[in-house]
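Each remark here refers to the structure printed beneath this line.
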Amino acid sequence: METLTIAQLGNPILREHASPLSAAQYQELAPFFTALQQKMLEHNGVGIAAPQVSESIRAFIVASCPNPRYPDAPMMEPTLMLNPEITWASDSMEKDWEGCLSIPGIRALVNRHSHIEVRYDTLEGKEVKTQMEGFIARIFQHELDHLNGLVFLDRAE
Ligand SMILES: O=C(O)C[C@@H](Cc1ccccc1)[C@H](O)SCc1ccccc1
Ligand SMILES: [Zn+2]
């Protein structure tokens, strides 16, 4: 597979509604997901969505870790989430700074749900239901937007 490049804002693929994955596809996509995680790490990302490397499928990685912008961000294993959904979202919202690998050099204050309940499948096809809050919830919402053709500037206050 050729090395992945990050689609920049203006590329129509970032505005598509990404396609759901069939469980049969999960394993065959394993090499792609490895490359996707590598690309995220190369750019010191805390998340990355498949459409950002021009694959319009419903998959992303969430990988919160302390970083210069969020020194107290929780440390979590990079987690691949397939066919992810938000099943409940709090009325309470929080504003904080976001960036995007597809929109380099720009930061904006974005309002996000403080708490969410989510479901997603793992590569092995196991369904995970869990709740998120704070920065991890923010990353999930940012990446889910990418699957629905939205970028954080669309929500910037
Ligand atoms: O483009 C992406 O999806 C990666 C985003 C992830 C992100 C989501 C929510 C809030 C901040 C970032 C970033 O570009 S990864 C780079 C980064 C890391 C920490 C803080 C800001 C930007
Ligand atoms: Zn982004």
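Computed from heavy atoms alone, side chains included, the values below leave out hydrogens, waters and symmetry copies. Computed from a predicted model, the values in this text were never measured in an experiment. Just follow the structure's listing: the first ligand is 1, and inside any ligand the first atom is 1.
Heavy atoms of M40 found under 4.0 angstrom from ligand 1: none, in either backbone or side chain. In N67, the part holding a heavy atom less than 4.0 Å from any atom of ligand 1 is the side chain.
Under a 4.0 Å heavy-atom criterion, H43 is not in contact with ligand 1.
Ligand 1 places these atoms under 4.0 Å from at least one heavy atom of H142: 1 (O), 2 (C), 3 (O), 5 (C), 8 (C), 9 (C).
The shortest N or O to N or O distance between L101 and ligand 1 is below 3.5 Å. At least one N or O atom of E143 sits closer than 3.5 Å to an N or O atom of ligand 1.
Interatomic distance, C65 SG to N44 CG, rounded to the nearest 0.5 Å: 8.0 Å.
Residue-level check: among N/O/S atoms of H146, NE2 sits closest to the Zn ion (ligand 2). When you scan the N, O or S atoms of H142 for the one nearest the Zn ion (ligand 2), you land on NE2.
In this structure, the side chain of D145 does not engage the main chain of H142 through any donor-acceptor pair within 3.5 Å. In terms of modelled atom types and a separation under 3.5 Å, the side chain of Q52 and the main chain of A49 share a donor-acceptor contact. Listed for the K39 side chain is a donor-acceptor partner under 3.5 Å among the backbone atoms of L4.
Across every non-hydrogen atom of I61 and E143, the tightest pair is O-CG, 4.1 Å. Counting all heavy atoms, side chain and backbone alike, R107 lies closest to F152 at C-CE1, 4.2 Å. When all heavy atoms of L109 and K95 are compared, the pair lying nearest together is CD2-C, 4.3 Å. Across all their heavy atoms, L101 and Q8 have their closest contact at O-NE2, 3.5 Å.
Among G47, A73, C100, the residue whose heavy atom lies closest to atom 4 (C) of ligand 1 is G47.
Annotation: atom 10 (C) of ligand 1 to nearest protein heavy atom, E98 CG, 3.5 Å. Residue, atom and distance of the protein heavy atom nearest to atom 5 (C) of ligand 1 are G99 O, 3.6 Å. Atom 22 (C) of ligand 1 has its closest protein heavy atom at R69 NH1, 3.3 Å. Annotation: atom 7 (C) of ligand 1 to nearest protein heavy atom, V46 CG2, 3.7 Å.
Using a 4.0 Å cut-off between charged nitrogen and carboxylate oxygen, E127 and R119 count as a salt-bridge pair.
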